[in-house]
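Positions are given from 1, in the same order as the sequence printed here. Not measured: the values here are computed from a predicted model.
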Amino acid sequence: MGNCISISVPFDAIFSNCYKSTVAQASYVHNLKENLKALEKASEELTDVKNGLVRRVKIAEEEDQLTCLETVQRWISRAEAMEIEAQELLQRGSQESIRLCLWGCCPKNYKSSYKYGKKVSRKITEVTELKGEGVFEVVAERGPIALVVEVPDEPTVGMEPIFDRVWTKLNEENVRIMGLYGMGGVGKTTLLRKINNNFLNSQNEYHVIWVVVSKDHTIENIQNSIGEEIRLSCEEDTWKNKTCQQKSKDIFNVLKKKKFILFLDDIWERIDLVEVGIPSPNRQNGSKLVFTTRSMEVCSSMSVDKQVEVKCLPWEESWKLFQEKVGKEALSVHPDILHLAKQVAKECGGLPLTRTTIGRAMACKRTPQEWRYAIQILKNSASSFSGMGDKVFPLLKFSYDNLSSEKVRSCFLYCSLFPEDWRINREDLIYKWMCEGFLDECSDYESLQGQGYTIIGSLLYACLLEEVGETRVKMHDVIRDMALWIACGCEKADHTCLVKANVELKEPMIESWNEVERISLMKNCIESLSGSPTCPNLSTLFLQQNKLHQVSGSFFKFIPKLTVLDLSKNDSLTRLPMEISKLVSLQYLNLAATAIKELPGELKNLKMLKYLNLDYLRNLNVIPEGVISSFSRLQVLQMFRCGTKSGEMVEDRVECGGSELLVQELESLKHIMTLGVSIKYGTALDRLMASQMLLNSTQSLFLHFERTWQFLNLSTLLRMERLEKLYLFKCSRLEELKIDWEWKRREECSSHVPSPSRCSTNHLFPILRQVSVHYCPNLKELTGLAFAPNLQLLNVNKCRALEEIIRLEKLGDAPKEVKCLQPFLKLESLALRALPKLKNIYPKPLPFPCLNFFQVRDCEELKKLPVGSTVTKMRPDLKIWGRESWWNELEWEDETTRDAFLPCFDAKDW
């Protein structure tokens, strides 16, 4: 017994440990159902976090061109694996639950249920921990610069041989600088694009950089384009504000470490590579430079190793392209035309651009005489030009010469005053033509627009203009160059032009204005107009979109023939000098979107004025009495959203914000055909509505009733048959937009010859296209909008009482055909912001065939959209903006519709 060791273990401790272990094991089984629910909930939460992260990554990759962080991608992969594991356990849940008996306390197979319950419990912990790790402030970063970025390309005809030749030469070691030269429109840019994109499919070791230079280039423009390509300009506020010398050093320090190939498209003169910061391509750095130009002389000045002429198309390809543009019908209408068409095609010299332009111009010619005349014009024009170095402009001038009249030709040349690729507003262009005297005198809007649109149509058909949507046109760069060449006197025209548009000009260069008739300095950086330029012949001056803040009084003293003056969108310009009254020939004056506070009383002297634009002059609170009424020839007056900032009434002044005095002056404009007006008082609107002349001319109406009018009877606006734009702003007491159907019926009955808008009850606002309603706190619905069949834009903002956009019950005693109307068939843009009580847009699903933009912001009660899957089928470019929380709470007709709209949604967290 002496060697025995006695060990004493407390029975309570053993029992406690065993009990805890048994209880823990039993809890896996006993709590299985609760744990399965917990696992399902945790798994759904993990999925939500993962999906939100995936959406953020997708936006960063597609919109910001960023690359997903590896840590984020690994977490997403872990989350996807965890989802699968959790789903596998949950799928076994029903089977394991059936095994439990005796109220879940005694399983038939205790060991199996215990193991399964333990896995479920652990998985809950794992899912919860993984979800907590899924919080990432940053999900993506800027990835490495792509060696080649694909540029848009187009099918070519007959260019394969020249491409093969250029590609072979470019890959030769001794070719470091290559120049591609040829006439405009011959396909040099197309060839350069094919070369760029071919690097995508080759064993490429170059960093390919693409820069469009253009005729009016500056060294800084080229540096900025290269900076974007190599990401020096990511910090715009720092790098883009550096001097050219600093940018040159930065570009050089980046490129000297790379093996690059630089494409410079459309250069017109020698470019100093050292000044830009481009290391000279040589055998040591292995880099290359390829450029396009219209002149062989530029190739020589750039010290090229190889120059390649891009020639016109061979006859077979050229004839094939020409036939395609003319069309089979025109070529077969008379047996002689096919033979004559081949002569026309040969005169074009195989230039693809002229093949398209002339081919389309001849598409409407149906007699041999017209074709023979075309041949004669082509031959004569081709020999009449000198000093160009190629045959581009004589060939392109055929389309110009073939225009129907000198009036149309003047209108065409006028378009060259706008910058390259400028989207020219059709209506503004027509008004400028009117004041320049290019159009016949018209006493009504329809005749003026018909005449203007006919000319624009003829220019579009001749391919001298290109269509950009319904309201704008543009000029092809080569066509614009040809037009400027003619307009600036190279063709010994009757007038000369000075065009320096969008070239970052800081001074107006008035010393070169003496003999010029038309000047365009729009979209530059000019800050002031000083001095006294002597311009006896100047008729047109474009200064819009500069940085003007001062115009000296002496500036206008010696420009007696100035007819068109555009100062719009100079948002720092606060005043006009009284010497503007010296411009006694002025017919067009555009001051829109400036900061002018007061018009000088001397403006009365502009007796010839036909067009005056004061749109968006919100600081202009007063106009001296008698100024507006003094413009006895005025045909267009735009005062939309003019004088909307509050101002005091001053004696002998007309309050620009919309008083009865303003309407009184408007009534004296006997020739007015287009009016945009801002009305601030109910009495002013009453007086406006009493003038049939003003009603007939009102195109845009801005209503700002701060203290008056609880109800607005839309029926009173129905007589504005040309109303295109309606804006309700800060109508604080306005509660309802009414339509008096009895009043409308009486109007129809009283009209012996109904106008187009009165012929059908369901077309109350036949041409209304834009409606904005802002800061109307008591307005509850906008049912009247149902009767605007051509509405394209609807913007509703900060109307805190608004409950519905269109309320069918409000139609009341409307005719049956009105109640069956389907609204918003042409709506393109819908923006709803800060409408806390808005519950409904329309009670029934609508197709919205034209909708491409839909924004919802701070509309918490809007839970359902009146849409069906047809919207995305009709408009695949539809974008829906809103908070993610709003989107997730939306009610849908079915999951299919929701899934169809999900790709359109773009989460915005304002």
W881 and F905: CA distance, side-chain angles, deciding distance, ring-ring contact (aromatic ring centres under 6.0 Å, His included) verdict | CA-CA 6 Å; W881 285 8; F905 179 66; over 10 Å; no
What do the steps show when you test L53 against F136 for side-chain contact (heavy atoms from CB on, under 4.5 Å), and what is the final call?
-> CA-CA 8 Å; L53 204 57; F136 297 93; 3.7 Å; yes
Angle class for the W167/F163 ring planes (parallel below 30°, perpendicular above 60°, tilted otherwise)?
-> parallel
Can you name the residues that form a side chain to side chain donor-acceptor pair (under 3.5 Å) with K547, not counting sequence neighbours?
-> none
T540 side chain vs R518 backbone, donor-acceptor pair below 3.5 Å = no
Between D250 and Q223, does a side-chain hydrogen bond (donor to acceptor under 3.5 Å, both in side chains) hold up when you go through it step by step?
-> CA-CA 10 Å; D250 292 343; Q223 289 175 327; over 6 Å; no
With sequence neighbours excluded, what pairs up with W513 under the ring-ring contact (aromatic ring centres under 6.0 Å, His included) test?
-> F555
Grab the two heavy atoms, one from T594 and one from K569, that are nearest each other, plus how far apart they are.
-> CG2-N, 4.2 Å
If only atom types and distance count, is the side chain of N171 paired as donor or acceptor with the main-chain N or O of T168 below 3.5 Å?
-> no
For K523, enumerate each residue passing the salt bridge (Lys or Arg N to Asp or Glu O under 4.0 Å) test, keeping only those at least two apart in sequence or located in another chain.
-> none
Sequence neighbours left out, what pairs pass salt bridge (Lys or Arg N to Asp or Glu O under 4.0 Å) with at least one residue falling in residues 264-273?
-> none
For the pair N546 (side chain) and L548 (backbone), establish whether a donor and an acceptor sit closer than 3.5 Å, ignoring hydrogens and angles.
-> no
Applying side chain to side chain donor-acceptor pair (under 3.5 Å) to K259 and not counting sequence neighbours gives E205
Side chains of N524 and Q545: donor-acceptor distance under 3.5 Å anywhere?
-> no
Do NZ/NE/NH1/NH2 and the carboxylate oxygens of K320 and E317 come within less than 4.0 Å?
-> no
If every non-hydrogen atom of L878 is compared with every non-hydrogen atom of L851, which pair is closest and at what distance?
-> CD1-O, 3.6 Å
For R78, the side chain to side chain donor-acceptor pair (under 3.5 Å) test, sequence neighbours excluded, returns E133
Name each donor-acceptor pair under 3.5 Å that joins a side chain in residues 299-310 to protein atoms two or more places apart or in another chain, with its distance.
residue : atom : partner : partner atom : Å
S301    : OG   : V298    : O            : 2.8
D305    : OD2  : R176    : N            : 2.8
D305    : OD2  : I177    : N            : 2.9

Are any side-chain N or O atoms of Q246 and backbone N or O atoms of T243, one a donor and one an acceptor, separated by less than 3.5 Å?
-> yes
Non-neighbouring partners of K500 that pass salt bridge (Lys or Arg N to Asp or Glu O under 4.0 Å), sequence neighbours left out | none
Other residues, nucleotides, ligands: >12 heavy atoms within 6.0 Å of E470 CD | no
With sequence neighbours excluded, what pairs up with F252 under the ring-ring contact (aromatic ring centres under 6.0 Å, His included) test?
-> none
Who pairs with S568 by side chain to side chain donor-acceptor pair (under 3.5 Å), at least two apart in sequence or on another chain?
-> D566
Run the salt-bridge test on E527 and K506 with the 4.0 Å N-O cut-off and return the result as yes or no.
-> no
With sequence neighbours left out, what residues match R74 under salt bridge (Lys or Arg N to Asp or Glu O under 4.0 Å)?
-> E70
Donor-acceptor pair, side chain of S77 and main chain of Q73, under 3.5 angstrom | yes
Using modelled atom types only, decide if a donor and an acceptor are shared between the side chain of T292 and the backbone of L180 within a distance under 3.5 Å.
-> no
Where does the angle between the aromatic ring planes of F199 and F263 fall among parallel (under 30°), tilted (30 to 60°) and perpendicular (over 60°)?
-> tilted
Are the side chain of N425 and the backbone N or O of D428 linked by a donor-acceptor pair below 3.5 Å?
-> yes
Flag, side chain of N282 to backbone of N285, donor-acceptor distance under 3.5 Å = yes
Could you tell me whether the side chain of M178 reaches within less than 4.5 Å of the side chain of K169, counting heavy atoms only?
-> yes
Does S572 use its side chain to pair, donor to acceptor, with the backbone of A595 at less than 3.5 Å?
-> no
For F412, check ring-ring contact (aromatic ring centres under 6.0 Å, His included) against everything at least two apart and list the hits.
-> Y400
Does the pair E466/R423 count as a salt bridge with the N-to-O cut at 4.0 Å?
-> no
